[in-house]
Each structure stands twice: as C-alpha cells, then as structure tokens.
Amino acid sequence: MSEPARHFVQEGSTDLSAGFLTRELKPGVFLVSNGNYQTLFTTTGAGVVLLDAPPPLVEFLPAAIADVTEEKLHTIVYSHGHTDHIGGAHLLARDGVNIVAETSTARFLEEKSDPRRPAPTTIYDERTTLQVGSRRIELFRDGFHSADGDTVMYLPDDRVIVAIDLLAPGWVPLLDFDITENMFAYMRAFDKFLSYDFEFFLSGHTAEAARREDVEITRDYVMDVYHTVKRLHDEINFSELLAEHRESEQEGIKRIIEEVTRRATKELSDRWLDGPMKGVDLWTESHARQMVLYVRWTD
Ligand SMILES: [Zn+2]
C-alpha cells in the first residue's frame, strides 16, 4: 500500500501542511477542514454524499474524496443558504449530482438566482431520510441560525450530527452568536441537539469535531449571557434614565442598550475570560448587546 496522503490525519492532529486535512471520524465518514472551515462527506457504496461546499474548502474537496474512495459525488446537501458555506457548489455540481435543500432555503435560493449556489434538485419539508447505498442520513429543518432555514444532518448509525454555525469548539460563538437571525431558536437548539445520541458534532468551523462537552459548555455560556443580561436589564431604572434624556426618548433607549451591554460584558468577562473557550475578548461584548436586544424586545 502506498503512503497515506499528507492531508490524511489521525484524531487529535491538526496538521494543515497540505493546506487542509481529512480525518475519518467513523468508517466512511470524513471531516475535511482548512483550519477555519470544516465540512463532512460520507461514502455510501453508491456515491459520495457531501454537506455544503464552502468556497475556502472547495478546491481541496475533489482530492480529499479521491484519496479515500473511488466513489463519485452523488449528492450535495445544503445546510443553509449562506455563501460562505455553499458558495462553491457550482464548482462541484455536475449533471447527475443531486442537490438537497429544505423548502425555505430552496425558495431563498430561487429568489437569489446566484450561479455560485445552484438550485436544489430535491426539496424536502421539515424532515426527510436519505438512504444512499448503505448510509442512512436524516435531515431536519431548524431555524437556529438562518431565517431562511437550517438543515441539520444526523447519521444515526454513525452517531454524528451536523448543525452548521451553531458553535466553534474551543471558542465562544463568533460575533452576535454566529450572526444568528433568531436568538430564541438559537438558545433552544443546544438542548434539542443534545437530546440526540451522538459522539461527534460538526458545526462548520475549526479543524476539530466537537464532542458533547463542547456543546454543553457553549450552551452554558450562552445561557449565562441570557440570565446575566436579563437580571441587569431588570435592575436598571428606566424612568430615571429616560428622565435624564427628556428631549429625546430615543437617546434614552440608546443609553439603556449601552449601559446593560457594558455591565454584562464586564461580569461575563470576569467569569469566562480565563475559562475553557477562546474569543471572550473578541466577541462577548457583541453577545451581550445582541442579548439586550432580544431580552428587551423579543423575550
Ligand atoms: Zn451561516
């Protein structure tokens, strides 16, 4: 047997000297990453099923696949409509490649009519199971990230679940909770996904596959932001603050947002800065502010 390709790494390795890495999480289930983006493909015996085609990764995907299997690309599943995860699909979608998306993502892509994001050939509603060769792939709709729908992928026999842009293992979520468009659905998603039986959790970012502990610690952080902001918001004396700005109520509202954000950022940073996740100094202020808007107007 020839030497394994340089990008093919064992668990725990983040050797990116080939520009990307491929790791076999379960037999025939592969994670591919360039360090910042990650995605998953799986062999089936009848062709490869790939989730998404992030532009920074797409140039590596044909080699990553060809190095582990003779199978051709059979299906691309879109996790959601954002270009940073599916904007490379046009480079892989040839005649005969099936593209799967859920209804609202499909509607969004139809309206966008973007040649980088070819229209799905199979559209599902709420929930579906793809049986491709020997592989059982469950897909279901959520709305934790994109207002135009998120598809969560679950491989029950392999105990792998994929929910793109929920978290990044080892990091607090990116800006504004990974720019979620629905804070309520975002907070609810953690326990919902934790109720599935899984060993690996892929979220689209970093070279690591998250484990249950990563999902739990991110949930605990997010809920700490929620409870902290809610308490501080309840403590503020609004009539006093608004009275200081009698000429402009809008200025008073701006002050409330700024004041709760400032106090919450301070408290949360004290608790999490030396904690298990990086990025508190970068993103916690944005989380506090995003949560103030949610607590004041939606909660
Ligand atoms: Zn996204």
Side-chain angles (χ1 to χ4, degrees), residues 31-41 50-58 61 76-93 99-120 123-124 139-154 160-190 192-193 201-210 214-215 218-219 221-222 225 277 279 282-283 286-287 289-291 293-294:
L31 172 154
V32 188
S33 175
N34 68 344
N36 187 22
Y37 279 84
Q38 65 176 219
T39 195
L40 166 144
F41 70 87
L50 168 69
L51 183 84
D52 292 344
L57 268 183
V58 73
L61 291 174
I76 302 173
V77 175
Y78 285 164
S79 67
H80 64 300
H82 293 169
T83 46
D84 68 322
H85 287 278
I86 66 167
H90 65 110
L91 298 170
L92 302 176
I99 300 180
V100 182
E102 64 84 38
T103 317
S104 46
T105 304
R107 199 180 306 128
F108 168 74
L109 292 173
E110 190 189 333
E111 280 183 34
K112 289 301 290 179
S113 186
D114 175 358
R116 296 171 301 170
R117 293 174 279 182
I123 298 169
Y124 79 92
L139 305 177
F140 61 92
R141 179 196 150 81
D142 202 278
F144 65 86
H145 171 63
S146 168
D148 301 297
D150 301 297
T151 283
V152 179
M153 176 188 274
Y154 180 52
V160 175
I161 191 165
V162 190
I164 298 297
D165 285 341
L166 183 72
L167 54 81
W171 290 80
V172 295
L174 199 80
L175 173 81
D176 292 350
F177 296 107
D178 219 331
I179 48 174
T180 179
E181 290 162 359
N182 187 333
M183 198 62 227
F184 178 58
Y186 181 83
M187 285 195 288
R188 215 170 35 176
F190 292 89
K192 194 195 263 187
F193 303 154
F201 184 102
L202 270 61
S203 60
H205 292 281
T206 81
E208 306 287 342
D214 297 298
V215 182
T218 309
R219 173 200 59 191
Y221 169 80
V222 170
V225 177
M277 294 184 290
L282 295 176
W283 306 123
S286 82
H287 299 152
R289 188 175 187 284
Q290 174 89 341
M291 197 62 90
L293 306 186
Y294 170 74

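Counting starts at 1 for both ligands and their atoms, in listed order. One-based numbering along the sequence shown.
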**Q.** Shortest non-hydrogen contact from D142 toward K192
**A.** OD2-NZ, 2.5 Å
Q. If the Zn ion (ligand 1) is the vertex, what is the angle to NE2 of H80 and NE2 of H145, rounded to 10 degrees?
A. 100°
Q | N/O/S atom of D165 inside 2.8 Å of the Zn ion (ligand 1), strictly under | A | yes
Q: Would you give the length of the straight line joining atom CD1 of I164 to atom CG of L40, rounded to the nearest 0.5 angstrom?
A: 8.5 Å
Q | pair R117-F108: side-chain heavy atoms closer than 4.5 Å | A | yes
Q.
Looking only at N, O or S atoms in H82, which is nearest to the Zn ion (ligand 1)?
A. ND1
(Q) Name the residue from H205, H82, H85 that meets the ring pair (Phe, Tyr, Trp, His ring centres under 6.0 Å) definition with H145. (A) H82
